[in-house]
Amino acid sequence: MSKKKILTVIGARPQIIKAAAISRAIAEHFADELTEILVHTGQHYDQNMSEVFFEELGIPKPNYNLAVGSGTHGHMTAAMISGLEDIILKEKPNAVVIYGDTNSTIAAAIAAAKIHVAVVHIEAGLRSFNKAMPEELNRIAADHMSTLLFVPTAAGMKNLAKEGFDLNIKAEAKIDAPNVYHCGDIMYDNSLYFAKMNAGRRSILADLDLEDSPYILSTIHRDSNTDDPRALQQIFEALLQLIDQTNMQVVLPLHPRTTAKMKHLLKEDFQEKISSNQQLIICPPAGFLDMIALEQNAQLIITDSGGVQKEAYFFQKPCVILREQTEWIEVVESGAAILCGADQEKIINAVHELLNKSIQTDASIFGDGQAARFICEKIISDLPC
Ligand code: UD1
Ligand code: UDP
């Protein structure tokens, strides 16, 4: 069998982390069958939003970087499509691999599918049923342009069946007859792998003086929270109130989007209240290994991140989700997480409820930690040379 070439497109922080699982599986098991070309769109570009992950997770340096940077949805996506088309035409890969639901995901799907290159969508099938989210539009469109769809959860499989996808596996997948696989979550692969590698890592806890004190970990970056002054204010009011009520510190590695929006949207005296609170530790975005250590040692996690709510579940931590819906409904159905939107009262009540009960988690619903290996096997077997 001749070696297949895949072109992997990454751009946003979680995609860089996800790509580590596939790059690792190729290096360990499929080096004779798969060559990977890595393209970074440049959607995320700060050192702590991009480069740090290549260094610490052993991801090969990107072969190309489009350096698209920040902008409106249309500008970013258009610049990515144009740059990616040139690279796909030059590299002639057997498939373009995309992750999740960002603007980099949809740009790569459009660029590849329009010139008849197979799209492999990892993290397919997820739905929030809220089309006000840019991510919902991106993921629906990307799924419908894909030839191989790798679905992390049973709920994702049901979503695709409802949208008319034929779940029977064909010998050769095509864009009009795609193959859909329930394969588990590559982020579960990564969490198991890097948590093991990370065992005992506590330097971030020492640096933030957290070793002997219980704390809540929080992340905020979803546009529905950062771009609406009322939502942003309610979330920070809740965090400050929780510090008073629980006497726990809150650690907030802050996404650059949120840092920028806080300056513009929050009143100056409220910004002062936030920055002067010694118990609210606002720090720059963390590397993934530090993030795992922060998650594993937290009492509870408050987040609007898709990835972080799942990692809370993997590490058996209760989680308050700062959204009205989630694509990862299993974590809510288990009782380990509660959806609160940006409602101050709901957030506070949910934290107290979760701190006062023991939660049950079953990470096997996210697979066996070998999803990346399965995906590589199917890319090799299901796509023409
Ligand atoms: C993007 C994804 C979102 C994902 C998130 C992961 C889309 C539509 N959204 O949201 O699904 O959950 O990434 O983190 O693709 N910025 C910097 N430096 C950086 C990156 C961003 O300063 O390295 C700032 C800029 O002000 C930029 C803003 O963050 O305008 C938003 O960045 P953008 O990539 O547009 O969206 P995210 O909110 O990061
Ligand atoms: N993450 C990280 N450092 C941080 C915040 C998040 O390494 O300061 C990791 C987190 O552990 C998870 C991923 O980034 O694996 C989630 O990315 P993000 O929250 O940016 O996006 P989402 O998952 O919501 O798309």
Side-chain angles (χ1 to χ4, degrees), residues 9-21 40-53 56-57 67-77 79-80 98-108 123 126 128 132-139 141-142 185-191 193-195 198 204 217-227 251-264 282-296 298 301 303-315 317 321-323 326-328:
V9 179
I10 54 178
R13 168 169 67 188
Q15 296 169 324
I16 303 168
I17 300 171
K18 286 166 197 171
H40 194 325
T41 63
Q43 177 171 353
H44 287 175
Y45 44 85
D46 290 349
Q47 195 276 343
N48 55 23
M49 294 294 287
S50 174
E51 201 180 319
V52 61
F53 303 108
E56 66 175 7
L57 307 185
V68 161
S70 304
T72 62
H73 288 287
H75 278 107
M76 284 164 81
T77 313
M80 290 176 195
I98 57 174
Y99 293 97
D101 52 26
T102 72
N103 288 344
S104 298
T105 313
I106 186 62
E123 230 179 54
L126 300 175
S128 65
M133 288 180 77
E135 292 85 359
E136 184 76 350
L137 302 174
N138 291 343
R139 55 173 89 96
D185 182 8
I186 52 163
M187 277 310 294
Y188 185 48
D189 296 17
N190 270 338
S191 289
Y193 182 87
F194 290 111
N198 221 20
I204 180 85
L217 174 67
S218 182
T219 76
I220 307 161
H221 76 274
R222 200 59 59 188
D223 64 353
S224 55
N225 290 328
T226 60
D227 297 14
V251 181
L252 184 60
L254 208 54
H255 192 290
R257 173 186 202 108
T258 318
T259 309
K261 293 289 178 184
M262 284 170 74
K263 283 196 193 105
H264 285 110
I282 298 185
C283 52
F288 186 60
L289 299 181
D290 279 344
M291 191 64 185
I292 290 181
L294 285 169
E295 289 168 346
Q296 286 179 312
I301 296 177
T303 189
D304 58 13
S305 158
V308 176
Q309 62 183 267
K310 256 184 310 157
E311 286 157 13
Y313 187 86
F314 300 157
F315 298 132
K317 300 294 173 182
I321 303 175
L322 302 172
R323 289 183 44 196
T326 177
E327 308 76 45
W328 305 101

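Note that the structure is a prediction, hence the values are computed from the model and not measured. Read the numbers this way: they start at 1 and go in the same order the structure lists the ligands and their atoms. All values below come from the heavy atoms of this structure, side chains included, with hydrogens, waters and symmetry mates left out. Along the sequence shown, residues are numbered consecutively beginning with 1.
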Can Gln15 and Thr105 be counted as having a side-chain donor-acceptor contact under 3.5 angstrom? yes
Can you find a side-chain donor-acceptor pair between Tyr99 and Ser104 that sits under 3.5 Å? no
Whether the Thr226 and Thr258 side chains hold a donor-acceptor pair (N or O, under 3.5 Å, no angle test) is what I'd like checked. no
Using only atom types and a distance under 3.5 Å, with no angle test, would you say the side chain of Ser191 pairs donor to acceptor with the backbone of Tyr188? no
Measure the shortest side-chain to side-chain distance between Met80 and Val9 over non-hydrogen atoms and say whether it is less than 4.5 angstrom. no
Heavy-atom contacts under 4.0 Å to ligand 2, chain-then-number order, include exactly Arg13, Pro14, Ile17, Phe53, Met187, His221, Arg222, Pro253, Pro285, Ala286, Gly287, Phe288, Met291, Glu295, Ser305, Gly306, Gly307, Val308, Glu311
Heavy-atom check, side chain of Lys261 versus side chain of Asp227, under 4.5 Å: yes
Could you tell me which non-hydrogen atom of Ala142 sits nearest to which non-hydrogen atom of Ile106, and how far apart they are? N-CD1, 3.9 Å
How would you list, by chain and number, every residue that makes a ring pair (Phe, Tyr, Trp, His ring centres under 6.0 Å) with His255, sequence neighbours excluded? His44, His221
Quick check for students: name every N or O atom pair between ligand 1 and the protein closer than 3.5 Å, with distances.
| from | atom 1 | to | atom 2 | distance (Å) |
| --- | --- | --- | --- | --- |
| ligand 1 | 11 (O) | Glu135 | OE2 | 2.6 |
| ligand 1 | 12 (O) | His221 | NE2 | 2.8 |
| ligand 1 | 13 (O) | His44 | NE2 | 3.4 |
| ligand 1 | 14 (O) | His255 | NE2 | 3.2 |
| ligand 1 | 15 (O) | Gln43 | NE2 | 2.9 |
| ligand 1 | 15 (O) | Asn103 | N | 2.8 |
| ligand 1 | 18 (N) | Tyr45 | OH | 3.4 |
| ligand 1 | 18 (N) | Asp46 | OD1 | 3.4 |
| ligand 1 | 18 (N) | Asp46 | OD2 | 3.0 |
| ligand 1 | 22 (O) | Tyr45 | OH | 3.4 |
| ligand 1 | 23 (O) | Tyr45 | N | 2.9 |
| ligand 1 | 23 (O) | Asp46 | N | 2.9 |
| ligand 1 | 34 (O) | Gln43 | NE2 | 3.0 |
| ligand 1 | 34 (O) | His44 | NE2 | 3.2 |
| ligand 1 | 38 (O) | Arg257 | NH1 | 2.8 |
| ligand 1 | 39 (O) | His44 | NE2 | 2.7 |
| ligand 1 | 39 (O) | His255 | NE2 | 3.1 |

Salt bridge (charged side-chain N to carboxylate O under 4.0 Å, His left out): pairs with one or both residues in residues 283-296, sequence neighbours excluded: Arg201-Asp290
